[in-house]
Amino acid sequence: MERKTAAVIFGGQSSEHEVSCMSAANVIDRINKEKYDLLLIGITLDGHWIKTESVEEIRSGEWRNGKVSAAILPDATKKCAILMDGDKVTEVKLDLVFPVLHGLYGEDGTVQGIFELAKIPYVGCGVLASAVGMDKLYTKIIVNNLGIRQADYEPIMSEQLADMDAVTARIEAHFAYPVFIKPSNAGSSKGVSKAENREELEAGLKEAAKHDRKILVEETIIGREIECAVFGGGKEEVKASGVGEILAAADFYDFDAKYYNAESKTVTDPELPGNATEEVRKAAVAIFKAVDGYGLSRVDFFVKEDGEVVFNEINTMPGFTAISMYPMLWEARGVNKEELVDKPCFRAFLRSQVYVKRKEELHDKGCTDHHPRCPYHG
């Protein structure tokens, strides 16, 4: 078997930096070392890319003290990472990139664009799906066209907060309290708050504005928090796992409740009213397809007491920590973590091969070496 070189990128500049590190350590542990030589690249909170040597350095945080800088070169003729150690610059050819990045500047299409420019196969959703999935407002706009129920919402731009009275009046005309306030672009519930009155609403709007220019104020949905994992895309059938339930220790499942409150629990295959389980699975696949998803995602819902299913959000690079729902849901279906890491890698190569095959088909139609529209030569 010909060994390939895979870069695993983690950390990043988002509020989910630490979660990314936790996910990456678990991914690296389970990558098939007989198939891949690994190049580990961490991105600090201030955006410095650093080569690290081991998963132990990732878990301890020591990687941030590394001396070798790294970057993915966008030059498609090189298909490589460059390592910079003082005056010494080394090119490392790459066959694959696994961006274990959550949130802004990683799960939002930005780094996916670099991989597209470099023509390096990469794991996960493409530029469009990543960008749309990260932006809750635009996800809602797309889901509106599917006829799938979602929380009613009011979009607010941060610059509108200069006239806070006008903003709160508009929200109060639309909703009764309580309401939820969310940054449109943020992950792991960072910047999310619940407001029971105008004072809390104003505080929540200001907090959300620290994370994004676009803010969503949503109606409160009383229901169980349900998640579904999906896999596939392109020419392959999109498959949905079973469903899982979040039993949050806090009033709602915010960042601290997810990762630092031992009372929060996750349950696979909960009993749901009516046909809610199948409705969640069907809606998860439809939403994944609608945003042009590829590879893997986790789709989150609420299920109300009467069995009504309400879409919440999609995560195009779901967490892979010890408590993350995505691997738990597939393991409940007999798919182990090693397979969950290996299959998306295979899908990345398959997507790249489809692109190359299309270029060759166009070339075979008889163009010359200087045909300006032939992607095989261009």
Side-chain angles (χ1 to χ4, degrees), residues 135-144 146-158 160-161 164-212 214-228 243-258 261 263-267 270 272-274 276 279-280 283-284 287 298-315 325:
D135 194 309
K136 295 180 179 68
L137 174 58
Y138 285 94
T139 305
K140 282 182 171 292
I141 291 170
I142 289 174
V143 173
N144 277 340
L146 299 179
I148 294 172
R149 167 85 158 98
Q150 56 185 333
D152 193 12
Y153 64 98
E154 184 75 39
I156 305 293
M157 300 301 166
S158 61
Q160 295 173 338
L161 300 184
M164 184 65 80
D165 287 342
V167 170
T168 54
R170 173 152 58 99
I171 293 167
E172 289 174 341
H174 192 157
F175 302 111
Y177 289 108
V179 294
F180 278 93
I181 306 108
K182 301 177 179 180
S184 187
N185 282 278
S188 276
S189 303
K190 278 288 189 177
V192 177
S193 61
K194 183 179 181 180
E196 301 277 359
N197 52 53
R198 178 174 289 197
E199 182 181 358
E200 291 179 358
L201 173 61
E202 292 181 1
L205 289 167
K206 291 174 183 176
E207 177 60 30
K210 295 176 183 177
H211 297 269
D212 191 39
K214 297 191 294 294
I215 303 164
L216 291 177
V217 179
E218 294 182 349
E219 68 169 315
T220 295
I221 301 295
I222 305 299
R224 296 160 66 179
E225 299 193 47
I226 304 297
E227 301 183 350
C228 182
V243 303
E245 182 173 11
I246 303 297
L247 302 175
D251 187 34
F252 63 97
Y253 201 45
D254 62 5
F255 185 87
D256 289 334
K258 282 183 183 180
N261 193 326
E263 297 302 315
S264 291
K265 293 181 173 60
T266 51
V267 178
L272 298 180
E279 286 186 30
V280 164
I287 292 165
R298 193 193 74 240
V299 193
D300 301 347
F301 299 85
F302 297 105
V303 173
K304 299 172 71 173
E305 189 175 346
D306 63 2
E308 183 181 23
V309 172
V310 183
F311 168 65
N312 185 22
E313 64 182 20
I314 182 171
N315 294 270
M325 185 67 88

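- Once rounded to the nearest 0.5 Å, the distance linking CZ of F311 with CG of L146 reads 9.0 Å.
- With rounding to the nearest 0.5 Å, the separation of CD in E313 from CG in N315 is 5.0 Å.
- The side chain to side chain contact (heavy atoms under 4.5 Å, CB included) check on N312 picks up K182, D300, F302, with sequence neighbours excluded.
- Contact annotation: the side chain of S193 never approaches that of K206 to less than 4.5 Å [non-hydrogen atoms, C-beta and beyond].
- Taking every heavy atom of both residues into account, E196 and E200 meet most closely at N-OE1, 2.7 Å.
- In this structure, M325 and V267 approach most closely via the heavy-atom pair CE-O, 4.2 Å.
- Partners of K304 according to the side chain to side chain contact (heavy atoms under 4.5 Å, CB included) rule, which considers only residues two or more places apart in sequence or in another chain, are R149, I221, D306, E308, V310.
- Residue pairs meeting the salt bridge (Lys or Arg N to Asp or Glu O under 4.0 Å) criterion with at least one member in residues 166-175, sequence neighbours excluded, are E154-R170, E172-R198.
- Here the side chains of E207 and I181 are not in contact, with every heavy-atom distance at 4.5 Å or above.
- Of all the heavy atoms in A284 and F301, the pair that sits closest is N-CZ, 3.7 Å.
- Scanning all heavy atoms of the two residues, the minimum distance from I148 to A283 falls at CD1-CB, 3.9 Å.
- In this structure the side chain of I215 reaches within 4.5 angstrom of the side chain of L161, judged on heavy atoms.
- The CG atom of D152 sits 5.5 Å away from atom CD of E219, with the distance rounded to the nearest 0.5 Å.
- A donor-acceptor distance shorter than 3.5 angstrom exists from the side chain of T220 to the backbone of P178, with no hydrogens or angles considered.
- For the atom pair CD1 (I141) and CG (D135), the distance works out to 8.0 Å, reported to the nearest 0.5 Å.
- Remark: E218 engages K140 in a salt bridge, criterion side-chain N to carboxylate O under 4.0 Å.
- Annotation: side chain of E225 is not in contact with side chain of E245 (no heavy-atom distance under 4.5 Å).
- The minimum heavy-atom distance between G307 and A276, with the atom names listed, is O-CB, 3.8 Å.
- Checking side-chain atoms of D212 against main-chain N and O of N185 turns up a donor-acceptor pair under 3.5 Å.
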Please walk me through it: do I222 and E305 pass side chain to side chain contact (heavy atoms under 4.5 Å, CB included)? CA-CA 8 Å; I222 305 299; E305 189 175 346; over 6 Å; no
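- L201 places none of its side-chain heavy atoms less than 4.5 Å from the side chain of F175.
- Among all heavy-atom pairs drawn from P270 and R224, the shortest one is CB-NH2, 3.9 Å.
- A distance of 14.0 Å separates NZ of K136 from OH of Y153, quoted to the nearest 0.5 Å.
- The line from CG of L205 to CD1 of I156 is 6.5 Å long, rounded to the nearest 0.5 Å.
- A distance-only check finds a donor-acceptor pair linking the side chain of S184 to the backbone of L137 [under 3.5 Å].
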